[in-house]
Amino acid sequence: MGRLKSRTTRLGTFEGGFQNFANLFAQKLRDLGVQIRLQTPVTLIERDAAGKLTIHGEQARPMTRCW
């Protein structure tokens, strides 16, 4: 069974394409102090009583911000 409705063009597109959007979004996050680690396996994400997250994988590191 195929789609019932075709995709609409009314949603718009991002100038420069999806890769450009991803690059700009990643840069904005870095500007806010977020550390992005590519190709790093995550095995567990934990939240403590104060709401801070610790990401376990190659190396556990507490996050300084959480939105």
Side-chain angles (χ1 to χ4, degrees):
M1 179 178 245
R3 287 180 192 244
L4 297 176
K5 292 184 179 183
S6 62
R7 290 185 179 191
T8 178
T9 57
R10 290 181 291 176
L11 297 176
T13 58
F14 191 83
E15 188 173 317
F18 183 75
Q19 185 63 55
N20 188 42
F21 168 78
N23 293 342
L24 292 172
F25 185 56
Q27 187 57 54
K28 179 63 175 175
L29 291 173
R30 287 184 185 105
D31 292 346
L32 293 170
V34 174
Q35 186 179 65
I36 299 173
R37 294 178 176 221
L38 303 176
Q39 298 182 357
T40 304
V42 173
T43 57
L44 178 67
I45 301 173
E46 294 181 307
R47 184 181 304 270
D48 68 14
K52 291 188 179 180
L53 296 177
T54 299
I55 300 173
H56 298 271
E58 206 171 274
Q59 199 172 23
R61 294 177 178 250
M63 294 178 62
T64 57
R65 294 183 182 180
C66 181
W67 288 273

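FYI, side chains are in, hydrogens and waters are out, and symmetry mates aren't considered; it's all heavy atoms of this structure.
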Colleague: Return the set of residues passing side-chain contact (heavy atoms from CB on, under 4.5 Å) with Leu44 (not counting sequence neighbours), or none when no residue passes.
Modeller: Glu46, His56
Colleague: Show the atom names and distances, to 0.1 Å, of all donor-acceptor pairs under 3.5 Å that link a side chain in residues 22-30 to residues at least two apart or in another chain.
Modeller:
from  : atom 1 : to    : atom 2 : distance (Å)
Asn23 : OD1    : Gln19 : NE2    : 2.9
Asn23 : ND2    : Gln19 : O      : 3.3
Gln27 : NE2    : Asp31 : OD1    : 2.9

Colleague: Please evaluate residues Leu38 and Ile36 with respect to the criterion side-chain contact (heavy atoms from CB on, under 4.5 Å), reporting the C-alpha separation (whole Å), side-chain torsions for both, the decisive distance (0.1 Å), and the verdict.
Modeller: CA-CA 6 Å; Leu38 303 176; Ile36 299 173; 3.9 Å; yes
Colleague: Can you check whether Asp48 reaches Thr54 side chain to side chain, under 4.5 Å on heavy atoms?
Modeller: no
